[in-house]
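Input: a single structure, listed below in C-alpha cells.
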Amino acid sequence: MARNVMDILRERGFIKQTIYEDELYKKLDQESVVFYIGFDPTADSLHIGHYIPIMAMAHMQRAGHKPIALIGGGTAMIGDPSGRSDLRTMMTKETIEHNSNKFKVQMQRFINFEGENKAILLNNADWLLNLNYIEFIRDIGVHFSVNKMLTAECFKIRMETGLTFLEFNYMPMQAYDFLFLNRNYNCSLQLGGNDQWSNMLAGVDLIRRKEQKDAFCMTFTLLETSEGKKMGKTAKGALWLDKDKTSPYDFYQYFRNVEDQKVKECLCLLTFMDMAEINELTKYQDERINTAKERLAYEVTRLVHGKEEADKAREMALAAFAGASDNLPTQTVKADLNMPVVDIMVLAGVADSKSQARRLIEGGGVSIDEAKVESVEDLLSKYSSSKEFVLHKGKKVHIKVVLDE
RNA sequence: GGGUAGGUUCCCGAGCGGUCAAAGGGAGCAGACUGUAAAUCUGCCGCCUCCGGCUUCGGUGGUUCGAAUCCACCCCUGCCCA
C-alpha cells in the first residue's frame, strides 16, 4: 500500500474530526479497512453536499480500503434531527427504493462496485424494518444514557424547539447500523459529515460495549461560502448531480463562478488533481485565478457528467462569454415573431412568470442579440427578424432561442 | 389533561378592524463598478389580460360596509404544571 489515505485526506483538507486518530492511522496503514458512509435517500439524486463524502470514499478505495455505501432507507423513515429545526417528512418504501437506485448510478462514477475491494451498497431498511421493539430496547437501548444523549450537540438545539421521541431514536438506530455492519461485514470505520459526529460516536461506543472491538469514526469538512453558508445553493435550489435536475452547463457555471477564496479548497476536495498542480494554478490572487476556476469547473463537471458533457459545457461557456453563438445552450420555443418578448422569456425558461419577465425588462436586464429590450410591451419582431436569436438575461444567462411555429 | 405563548409571504420576523400584497433583515434576481470573483451602492422581489384585477397571513365557519387583525370550534408547536 502506498501512502496512508489519512495523509492524503488531511493534505486535501477533508478531515474535520477523528476519534482515536493515531490508532486509526496505524490501522489504515496495516490493513484494508471496511468503512461506511450513510446517505439519506431523501431525494432522487445526490447533490453537491454528498460530493465530499463520495470523494473521500473514492480516495479511500483507491488506497485499498473497502467502501460500504449505506442507504438510510430505514432511518429515513424516522428522520435525522441533526441540523434541522423541523420534523422531516417521512417517506414511503417505494420512493426510497427508487432514490437509492439513482444514487448507485451516480456513485459509480467515483467508486467501483466491482473488482478486488469493490464497494457495496446496502440499505439499512433490510435490518431495521424487522427489528422487534422489545428486543431492540433491551439489547441496544440499555446502552444508551438519556442524560448523555441530551448533551449531544444534535439534540441540544432541538431541546429548544422540540424533539419527538421518534427522532430521539435516530441516534440508537444509526449506532445499531454501525454495530450491524461491524458484525456482518467487519466494518470498523464510519465516515460522514460533521453533523453526524454524535451519531457516529454513539456507534463507536456501542460496538466497543457489545463486541469489545475497536471502531472508529471520522468526519469531513463542509463546503461553505465565505459567509459560512452551505455551498451549493442556486436559484433553482440545490446543485444536483443529476443532469436532468441541474444541467451540466449550470453545474459547470456554478463552479466557474465560485469565490476566489474557495477555488483552492474546491480543487482539493472536489477533484483528484495533483496537489502540486493545484498549488501552481492557485498561486495568483488577481484575475489570473480565473484560469483555475475554468479548470475547476471543467474537472468537476467531467467527474460528475463525463468528458463529453464537460467539453460541451465548456464550449457553451466560451460561446456565451466570448461572443460566438454557435455553441450556446439552445431552447426551442413554440412561438412566432409577433409575440411579446415577455412571453418568449417565459417560454424559454429565462423567467418563471410574466411578471418576473416584466420586472427584468424594467430593470434593464434583458437584451436580444445585442439590443437591450426597452419596453415590457415590445414584440419580438422589434429586435429580431429571424427565427433564431440570442436572448440575454443579465450578464450570465445567454440562450439561443429557436422559434418553432 | 390543566395553564400559558404562538402558527404571517423562500427563511427569520413585524403587523393586531380599513391607508396591508402586508415593516425590517437574510437569501435570490437585475443595474453600476469589476475579473463570469468578493466588497460596496441602487432597483426588483405573490400572480395576472398590469394606470386595473385576482389569490395569500394554520384550518373551517361566524361578526362586520370591511378581517392577517374580532368571535367560535378544530389542527399543529413551544413553555410550565400533572
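Each chain gets a letter, A, B and so on, in the order its sequence line appears, and its residues count up from 1. Hydrogens, waters and symmetry mates are skipped; everything else that's a heavy atom, side chains included, is used. Everything numeric in this text was worked out from a predicted model, so none of it was measured.
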Pair assignment for [N], Watson-Crick or G-U wobble, requiring both distances under 3.5 Å:
N      : answer
A23(B) : none
U77(B) : A5(B)
A30(B) : U42(B)

Tell me the interatomic distance from [X], atom [atom1], to [N], atom [atom2], rounded to whole angstroms.
X         : N      : atom1 : atom2 : value
Glu259(A) : A37(B) : CD    : C1'   : 8 Å
Leu239(A) : G28(B) : CG    : P     : 14 Å
Asp352(A) : G46(B) : CG    : P     : 13 Å
Glu167(A) : U77(B) : CD    : C1'   : 13 Å
Ile361(A) : C45(B) : CD1   : P     : 15 Å

Are side-chain N/O atoms of Gln190(A) and Gln196(A) paired as donor and acceptor at under 3.5 Å?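 Absent: no donor and acceptor within the cut-off.
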Is there a donor-acceptor contact under 3.5 Å linking the side chains of Tyr170(A) and Asn199(A)?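 Side chains of Tyr170(A) and Asn199(A): no pair found under 3.5 Å.
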Encode nucleotides 4-9 of chain B as B, S and - characters from 5' to 3', where the letter depends on protein heavy atoms closer than 4.0 Å: B to the base, S only to sugar-phosphate, - to neither. ------
Taking the [atom1] atom of each, how far is [N] from [M], in whole Å?
N      : M      : atom1 : value
G31(B) : C70(B) : C1'   : 46 Å
G53(B) : G59(B) : P     : 25 Å
A27(B) : G17(B) : P     : 33 Å
U69(B) : C79(B) : P     : 27 Å
G58(B) : A67(B) : P     : 15 Å
G18(B) : U60(B) : P     : 23 Å
A22(B) : C12(B) : C1'   : 16 Å
G46(B) : A21(B) : C1'   : 7 Å

Table of protein N/O atoms under 3.5 Å from nucleotides 49-52 of chain B N/O atoms:
from   : atom 1 : to        : atom 2 : distance (Å)
U49(B) : OP1    : Lys354(A) : NZ     : 2.4
U49(B) : OP2    : Arg358(A) : NH2    : 2.9
C50(B) : N3     : Arg358(A) : NE     : 3.0
C50(B) : N4     : Ser355(A) : OG     : 3.3
C50(B) : N4     : Arg358(A) : NE     : 2.4
C50(B) : N4     : Arg358(A) : NH2    : 2.2

I'd like to know if Lys262(A) pairs up with Glu259(A) as an ion pair, taking the criterion as any Lys NZ or Arg NE/NH1/NH2 lying under 4.0 Å from an Asp or Glu carboxylate oxygen.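 Salt bridge: no.
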Classify the ring geometry of Tyr185(A) against Phe180(A): parallel below 30°, tilted from 30° to 60°, perpendicular beyond 60°.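 Rings of Tyr185(A) and Phe180(A): tilted, 30 to 60°.
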Working to the nearest 0.5 Å, report the span between CZ of Phe35(A) and CE of Met60(A).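 Interatomic distance, Phe35(A) CZ to Met60(A) CE, rounded to 0.5 Å: 4.5 Å.
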Point-to-point distance, once rounded to the nearest 0.5 Å, from CD1 of Ile54(A) to CG of Leu46(A):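 Reported to 0.5 Å precision, the distance equals 4.5 Å.
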Please identify each residue that fulfils side chain to side chain donor-acceptor pair (under 3.5 Å) with [X], with sequence neighbours left out.
X         : answer
Glu11(A)  : Arg3(A)
Lys118(A) : none
Tyr298(A) : Asp311(A)
His47(A)  : none

Minimum-distance nucleotide to Arg359(A) side chain [options: C45(B), A38(B), G35(B)]: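 Among the listed nucleotides, the one closest to the side chain of Arg359(A) is C45(B).
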Applying side-chain contact (heavy atoms from CB on, under 4.5 Å), name anything that partners Asp260(A), two or more places apart in sequence or on another chain.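 Here the qualifying residues are Ile289(A), Lys293(A).
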Could I get the full list of side-chain contact (heavy atoms from CB on, under 4.5 Å) partners for Arg62(A), not counting sequence neighbours?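 With sequence neighbours excluded, Arg62(A) shows a side-chain contact (heavy atoms from CB on, under 4.5 Å) to Phe272(A), given in chain and number order.
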Does His398(A) have any ring-ring contact (aromatic ring centres under 6.0 Å, His included) partners at least two apart in sequence or in another chain, and if so, which?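 Phe321(A), His392(A).
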Taking ring-ring contact (aromatic ring centres under 6.0 Å, His included) as the definition, give me every residue that meets it alongside Tyr252(A), ordered by chain and number, with sequence neighbours left out.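 Partners of Tyr252(A) by the ring-ring contact (aromatic ring centres under 6.0 Å, His included) criterion come out as none, since no residue qualifies.
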Cation over ring face, Lys27(A) and Phe216(A), 6.0 Å, 45°: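 Output no; distance or angle outside limits.
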Under 4.0 Å, heavy atoms only, any strand: does [X] hit a base, just the sugar-phosphate, or nothing?
X         : value
Gln253(A) : base
Glu294(A) : nothing
Arg256(A) : base

Protein-nucleic acid N or O pairs under 3.5 Å, nucleotides 30-34 of chain B:
from   : atom 1 : to        : atom 2 : distance (Å)
A30(B) : O2'    : Gly363(A) : O      : 3.3
C33(B) : N4     : Lys395(A) : NZ     : 3.1
U34(B) : O4     : Lys395(A) : NZ     : 2.6

Residue-level proximity of residues 295-317 of chain A to RNA chain B when a heavy atom falls under 4.0 Å: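 The answer is Ala317(A).
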Any N or O donor-acceptor pair linking the side chain of Asp286(A) to the base of G35(B) at under 3.5 Å?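 Such a pair does not exist between side chain and base.
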